[in-house]
Amino acid sequence: MKNLTRYQILAMLPLLVLVVGGFFFQHLVMFAINTNFAMNAIILGVMVIGVVIMHQLIWSVRRQSLKADKFVRRVQQGEPMRDVLLDPELGASDIGLVCDHLTHSNDGIGGNPVEVVEAGLRSLHVTLDSRQELAQFLIGFLVALGLMGTFIGILETLVEIGNMIGGFATSDMQDIDKSFMGLISDLTKPLQGMGTAFSASMFGLLGSLCLGLTMVSVRRCTEEFLTGLRHAINQLIKDRRSGQPEGNDTADVPDRRANDLVR
């Protein structure tokens, strides 16, 4: 199977682009973070957690790929599948579960090894997809956090504007200069609320975009792994079948080939 290391590198690119962009605009980024440090820190923390989870998913698929290569190589060297699956590293893995279906093909779908392998691969695909559910959830969760920060910032802005108008209405109108300076001073509070709204939206969208692009690498890595595994196992079946002599009783050929495959 192909080397899946490049997907680990591709998964790092979105985060790397954000880090480089943040370095060049560090003053703007720090100002945006400080407008509401708690909310923005939560958003950035969720993004980092999502990136770590996705890299773990790719690393897990890479490990499964290495185990599949080891399984195929040992079977190609003539070692029986049942003996290979006695290896604890292979037998307890997802690859071992797929190949274990193959060794019991007579109890599978019509005793056809190819159909049994396809059923095992579909089950493995469902398992790998289920492990991506948390990462998928975090992509949408970042958008939700950004929207929540936006609404909080707008609410703060409306409250401060209301307080400012109320304070201006009760101020001493005889001292216009003092009232005007107080109004300018009070404007900083609603502007801070707007800063919270815009900064949360910005970090939420950027974080969601980063995780979404990283998930593309995770999915492509998974699909390439499953395609390579399907090709490798089908090639094993083909090699074993081509090496079996044809008998006169054609009715027993499928069962005999399935038994020969796992012996």
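This chain uses plain numbering: 1 for the first residue, then up along the sequence.
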Next item on the list: Dump the intermediate steps for side-chain contact (heavy atoms from CB on, under 4.5 Å) on Gln132 and Ile53, then the final yes or no.
Entry: CA-CA 9 Å; Gln132 299 173 9; Ile53 290 175; over 6 Å; no
Notebook entry, point to check: Checking side-chain contact (heavy atoms from CB on, under 4.5 Å) for the pair Leu18/Phe23: CA distance, chi angles, key distance, verdict?
Noted result: CA-CA 9 Å; Leu18 286 183; Phe23 176 78; over 6 Å; no
Checklist line | Working for salt bridge (charged side-chain N to carboxylate O under 4.0 Å, His left out), residues Arg219 and Glu224 | finding: CA-CA 9 Å; Arg219 289 194 172 280; Glu224 183 169 327; over 6 Å; no
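Residue-environment remark: CE (Met202) exceeds the threshold of 12 foreign heavy atoms within 6.0 Å.
Atom CZ of Phe225 sits about 11.0 Å away from atom CZ of Arg230, to the nearest 0.5 Å. Rounding to the nearest 0.5 Å gives a distance of 10.5 Å between CE of Met12 and CD1 of Ile58. In this structure, Leu57 CG and His55 NE2 are separated by 10.5 Å, a value rounded to the nearest 0.5 Å. Rounding to the nearest 0.5 Å places CE of Met54 at 13.0 Å from SG of Cys221. Atom-to-atom distance recorded for Leu229:CG and His231:NE2 is 11.0 Å, nearest 0.5 angstrom.
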Please report, to 0.1 Å, the donor-acceptor pairs under 3.5 Å made by any side chain of residues 28-49, with sequence neighbours excluded.
residue	atom	partner	partner atom	Å
Asn34	ND2	Met30	O	3.0
Thr35	OG1	Ala32	O	2.5
Thr35	OG1	Ser199	OG	3.0
Asn36	OD1	Met39	N	3.3
Asn40	ND2	Ala32	O	2.9
Asn40	ND2	Ile33	O	3.3
Asn40	ND2	Asn36	O	3.2
Asn40	ND2	Ser199	OG	3.3

Please tabulate, for side-chain N and O atoms in residues 138-149, each donor-acceptor pair with protein atoms closer than 3.5 Å (sequence neighbours left out).
none

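Under the 4.5 Å side-chain heavy-atom criterion for ILVMFWY residues, no single connected hydrophobic cluster contains both Ile9 and Val216. Transitive grouping of hydrophobic side chains (ILVMFWY, heavy atoms separated by less than 4.5 Å) keeps Val17 and Leu15 in distinct clusters. Both Leu128 and Leu134 are assigned to one and the same hydrophobic cluster, defined by single-linkage of ILVMFWY side chains at heavy-atom distances under 4.5 Å. Hydrophobic cluster membership is shared by Val51 and Phe137, with clusters built from Ile, Leu, Val, Met, Phe, Trp and Tyr side chains linked at under 4.5 angstrom.
Side-chain atoms of Thr214 and Leu10, non-hydrogen and from C-beta on, never get closer than 4.5 Å to each other. Taking the side chain as every heavy atom from C-beta outward, Leu211 and Gln136 never approach each other to under 4.5 Å.
Proximity of a side-chain donor or acceptor of Ser130 to a complementary backbone N or O of Thr127 within less than 3.5 Å is detected. Without hydrogens or angle criteria, Ser208 side chain to Gly204 main chain gives no donor-acceptor distance under 3.5 Å. Without hydrogens or angle criteria, Ser60 side chain to Gln56 main chain gives no donor-acceptor distance under 3.5 Å. Under a 3.5 Å cut-off, the side chain of Thr196 and the backbone N or O of Gly153 do not form any donor-acceptor pair.
Every residue meeting the side chain to side chain donor-acceptor pair (under 3.5 Å) condition with Glu223, not counting sequence neighbours, appears here in chain and number order: His125. A search for side chain to side chain donor-acceptor pair (under 3.5 Å) contacts involving Thr157 returns nothing, not counting sequence neighbours. Legend: residues meeting ring pair (Phe, Tyr, Trp, His ring centres under 6.0 Å) with Phe25, ordered by chain and number and at least two apart, are absent. Thr5 is linked by a side chain to side chain donor-acceptor pair (under 3.5 Å) to Asn3, Arg62, counting only residues two or more places apart in sequence or in another chain.
In terms of heavy atoms, Met215 sits closest to Ala135 at CE-CB, 3.4 Å. Taking each heavy atom of Tyr7 and Ser217 in turn, the nearest pair found is CD2-O, 3.7 Å.
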